[in-house]
2 protein chains.
Amino acid sequence: MKNIAVLLMGCGGVGRQLLQHIVSCRSLHSKHGIRLRVVGVCDSKYLVVAPDVFSMELSDKLLLEVCRVKSDSSSLLTLSSSGECQVFTDSELTKKIVDATALLGTGLALVDCSASSETIGVLNRAVDLGCCAVLANKKPVTSKMEDYDKLVSHPRRIRYESTVGAGLPVIASLNRILSSGDPVYRIIGSLSGTLGYVMTEVEDGKPFSQVVKSAKSMGYTEPDPRDDLSGMDVARKALILARLLGSRANMDSIKIESLYPEEMGPDVMSVEEFLDKGVLLLDKDIQERVHKASLNGNVLRYVCVIEGSRCEVGIQELPKNSPLGRLKGSDNVLEIYSRCYKEKPLVIQGAGAGSDTTAAGVLADILDLQDLFP
Amino acid sequence: MKNIAVLLMGCGGVGRQLLQHIVSCRSLHSKHGIRLRVVGVCDSKYLVVAPDVFSMELSDKLLLEVCRVKSDSSSLLTLSSSGECQVFTDSELTKKIVDATALLGTGLALVDCSASSETIGVLNRAVDLGCCAVLANKKPVTSKMEDYDKLVSHPRRIRYESTVGAGLPVIASLNRILSSGDPVYRIIGSLSGTLGYVMTEVEDGKPFSQVVKSAKSMGYTEPDPRDDLSGMDVARKALILARLLGSRANMDSIKIESLYPEEMGPDVMSVEEFLDKGVLLLDKDIQERVHKASLNGNVLRYVCVIEGSRCEVGIQELPKNSPLGRLKGSDNVLEIYSRCYKEKPLVIQGAGAGSDTTAAGVLADILDLQDLFP
């Protein structure tokens with residue numbers, strides 16, 4: 001039985017779902033000769049950890065208790081009374097994680113399901129110590145180039161599929177293509193379910209403001225829809241893909257088209273003000289652009305384009321009859337052009353969001369590392 | 001530097017392309033710390049092998065010479081004069097391959113790019129000895145269940161991505177989904193470029209016979225187009241996917257719809273007779289089916305359907321507006337339905353044929369095994 005120790009950072013929706021998947025896959029994984037031993041779980045405040053990470057683990061009961069506590073918005077501190085774990089906080093939290101990585105070394109997969117930019121330090125130390133790293137968190141792989149280089153210095157020991165397109169096999173497929181010497185010269189993709197939905201709805205003539213509001217009411221957007229409309233999230237994904245293709249770009253070298261002007265930004269107006277007044281002023285411009293595109297037989301899509309040194313995200317006019325043009329609703333779509341997929345791209349399409357799907361991608365990443373474990 | 005010994009069986013189009021890819025990727029792979037050491041190459045008649053597979057390899061010059069000789073339809077025997085290899089034939093051929101697998105054990109990737117059903121013996125022995133196996137050849141994985149079970153008894157040591165959809169990341173993606181405990185309950189796909197082309201062309205009103213003839217003249221079909229029209233090739237791919245999902249099916253348990261009746265089979269009439277007379281008699285029926293489907297807003301596609309214990313290949317009426325219905329030309333398309341991809345499937349689409357693409361898939365498979373090599 002192959003033994004993979006897992007230490008999970010971040011137990012929001014994705015982290016919790018991952019713990020549930022791990023527990024419910026026990027018999028499947030044991031059939032494949034694998035045992036995932038969760039030795040610790042932390043959020044930004046507390047680390048819940050087995051008293052001896054080398055020989056002990058958190059029980060399935062405790063893992064499900066972590067899920068319950070977190071989904072009740074309670075504190076992980078309440079678990080200290082269980083008797084089967086230790087709970088650390090503040091400076092001790094990071095120290096204990098570093099201790100665990102040093103102790104377990106090549107036997108540990110450090111999993112980052114947080115949304116924090118502060119995990120990069122421990123991740124880099126862990127990779128140095130021979131640990132594997134699995135990320136759903138985009139921040140560490142979109143940080144400055146120096147951090148990125150360290151993080152991927154042992155490329156076989158890191159996976160981050162779920163940072164782009166949730167569980168969709170985007171990075172795994174790109175890695176296959178690249179390793180076979182097939183040069184990828186162009187990627188174009190719709191990588192935001194929210195913006196995919198918005199752009200296909202305005203195509204049918206609905207006012208932009210109305211579509212944004214209904215997207216918010218259906219829970220498709222972040223609490224502040226401008227977090228989606230800014231394009232920053234898509235830009236992070238674009239940067240991850242661009243770096244995979246060898247680019248040395250940073251976040252600030254990406255050309256990003258925001259769907260609202262600076263004077264409607266969060267520093268200037270509240271969410272309510274934006275939704276009640278600001279966004280209405282954007283309707284006419286979008287409507288005109290949609291109309292102009294349709295005269296050319298095209299539609300508008302909010303996409304990332306990576307081609308040579310070019311990496312940009314924003315609205316593009318695309319043929320109605322291309323995979324991206326045919327896209328409806330919140331699916332993600334990626335078109336990959338290479339020597340093998342020259343005239344017609346390799347297309348990967350499907351749900352690119354949701355904590356179930358994202359966590360499934362993280363779990364697939366952990367299992368993909370299994371040959372590195374003793 | 002990680003050292004992967006490669007022994008290649010089959011040097012038709014795919015095998016030759018693989019050798020060329022290996023040679024042209026030298027610097028890329030060396031950057032990743034990998035060295036592919038080709039120790040032997042065989043076709044059905046001759047094995048060209050390094051005098052000592054443990055310490056020697058075939059030079060890049062000799063590998064390219066193998067490609068030249070084979071594309072000239074010459075015999076590999078001519079290479080015996082090069083002085084840097086040994087050439088074996090007949091019973092000695094298999095014996096020497098078995099010797100090499102025994103000698104190299106876990107250091108060898110045995111690669112099957114042949115179309116033979118006779119490689120399964122050496123493949124099974126190699127897997128027993130700890131070798132890795134990479135297949136573009138569908139026969140060994142569609143052989144009887146007993147053989148299949150042996151072949152995949154160490155699932156981490158075998159890859160066969162290129163048996164389905166050439167280089168498209170179909171099996172890799174399915175394995176990711178399955179390993180994350182996301183149960184795949186339905187696969188529907190168009191896995192024959194030829195039949196994809198035929199079905200989309202008849203949709204536009206062209207007679208079936210005319211479409212088959214132009215497909216043949218454009219080189220889209222096998223020399224005898226009935227080899228495509230029989231559906232046998234699609235059935236093999238369907239069986240591979242069904243078994244991946246856990247089915248215990250055999251070739252003879254798959255329901256296969258042939259696009260020509262038995263009385264037009266190769267035992268009854270020649271290719272010329274079929275193309276000049278036979279196929280014309282099929283036009284009316286196909287035309288009627290196309291028409292009937294279009295009345296329902298549907299189109300006809302030749303697909304494989306795998307769902308529960310059901311595994312069948314044949315013509316299906318599908319919504320014009322589904323990924324399969326929108327398919328045009330010779331691209332392969334696969335729709336995967338699972339818990340994570342429930343209402344809208346995960347779709348993988350792209351060129352599913354061609355020796356360049358197929359060989360790229362084989363090479364990606366070899367590199368995907370790298371963590372198993374010392």
Side-chain angles (χ1 to χ4, degrees), chain A residues 21-22 24-26 28-29 32-34 155-156 161 166-169 172-182 321 323 326 328-331 333 335-336 338-351 354 356-372, chain B residues 21-22 24-26 28-29 32-34 155-156 161 166-169 172-182 321 323 326 328-331 333 335-336 338-351 354 356-372:
Chain A
H21 284 347
I22 289 176
S24 66
C25 284
R26 288 280 178 223
L28 174 78
H29 292 158
H32 297 154
I34 303 279
R156 297 296 294 177
E161 184 63 86
L168 288 178
S173 300
L174 278 167
N175 272 328
R176 283 187 63 89
I177 296 176
L178 294 169
S179 73
S180 73
D182 182 16
N321 203 26
R326 283 191 299 257
K328 288 276 164 201
S330 63
D331 263 9
V333 181
E335 299 180 23
I336 300 168
S338 70
R339 185 193 69 229
C340 284
Y341 304 99
K342 200 166 189 164
E343 274 139 52
K344 287 179 159 191
L346 167 59
V347 182
I348 298 168
Q349 174 168 357
D356 183 4
T357 311
T358 308
V362 172
L363 188 50
D365 272 357
I366 298 173
L367 290 159
D368 194 37
L369 291 162
Q370 64 182 274
D371 296 330
L372 292 168
Chain B
H21 284 346
I22 288 175
S24 66
C25 284
R26 287 282 181 222
L28 173 78
H29 291 158
H32 296 155
I34 302 279
R156 297 296 295 178
E161 184 62 87
L168 289 179
S173 300
L174 279 169
N175 271 329
R176 282 188 64 88
I177 296 175
L178 294 170
S179 74
S180 72
D182 182 16
N321 202 26
R326 283 191 298 257
K328 287 276 162 199
S330 63
D331 263 8
V333 181
E335 300 179 21
I336 300 168
S338 70
R339 186 192 68 228
C340 284
Y341 304 101
K342 199 164 188 167
E343 274 139 50
K344 288 178 156 193
L346 165 60
V347 182
I348 298 168
Q349 175 167 356
D356 183 4
T357 311
T358 309
V362 173
L363 188 50
D365 272 356
I366 298 174
L367 290 159
D368 194 37
L369 291 163
Q370 64 182 275
D371 297 329
L372 292 168

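Quick note on labels: first sequence line is chain A, next is B, and so on, each numbered from 1.
- In this structure, D182(A) CG and H21(B) NE2 are separated by 7.5 Å, a value rounded to the nearest 0.5 Å.
- Heavy-atom contacts from other residues, nucleotides or ligands closer than 6.0 Å to NZ of K328(A) number more than 12.
- There is no contact between I34(B) and chain A, counting heavy-atom distances below 4.5 Å.
- Interface check for chain B: of the options H32(A), E161(A), E343(A), the most heavy-atom pairs under 4.5 Å are formed by E161(A).
- The nearest pair of heavy atoms linking R176(B) to G361(A) is NH2-O, 3.1 Å.
- Interatomic distance, CD of Q349(B) versus NZ of K344(A), reported as 7.5 Å (0.5 Å rounding).
- Only the side chain of A172(A) comes within less than 4.5 Å of a heavy atom of chain B; its backbone N, CA, C and O stay farther away.
- Side-chain contact check for D331(B) versus Y341(A): every heavy-atom pair is 4.5 Å or farther apart.
- Taking chain B as the reference chain and counting heavy-atom pairs below 4.5 Å, the highest number among P169(A), S24(A), G354(A) is found for P169(A).
- With a 4.5 angstrom heavy-atom cutoff, L346(A) touches chain B via backbone and side-chain atoms both.
- Under the side chain to side chain contact (heavy atoms under 4.5 Å, CB included) test applied with S179(A), the options L367(B), D368(B), D365(B) reduce to a single match, L367(B).
- The greatest number of non-hydrogen atom pairs below 4.5 Å with chain A, out of A360(B), C25(B), G350(B), G181(B), is found for A360(B).
- The contact between L178(A) and chain B is made entirely by backbone atoms, counting heavy-atom distances below 4.5 Å.
- Put simply, CG on L372(B) and CD on Q370(A) are 9.0 Å apart, with the number rounded to the nearest 0.5 Å.
- Here the CG-CD1 distance, from L168(B) to I177(A), works out to 9.0 Å after rounding to the nearest 0.5 Å.
- Of the residues considered (L369(A), T357(A), L28(A), I366(A)), T357(A) shows the highest number of contacts with chain B, using heavy-atom pairs under 4.5 Å.
- Contact of H29(A) with chain B is made through the side chain alone, with heavy-atom distances under 4.5 Å.
- Heavy-atom pairs under 4.5 Å with chain B peak, among N175(A), N321(A), L363(A), at L363(A).
- Nearest heavy atom pair, residue S180(A) against residue A364(B), reads CB-N, 4.0 Å.
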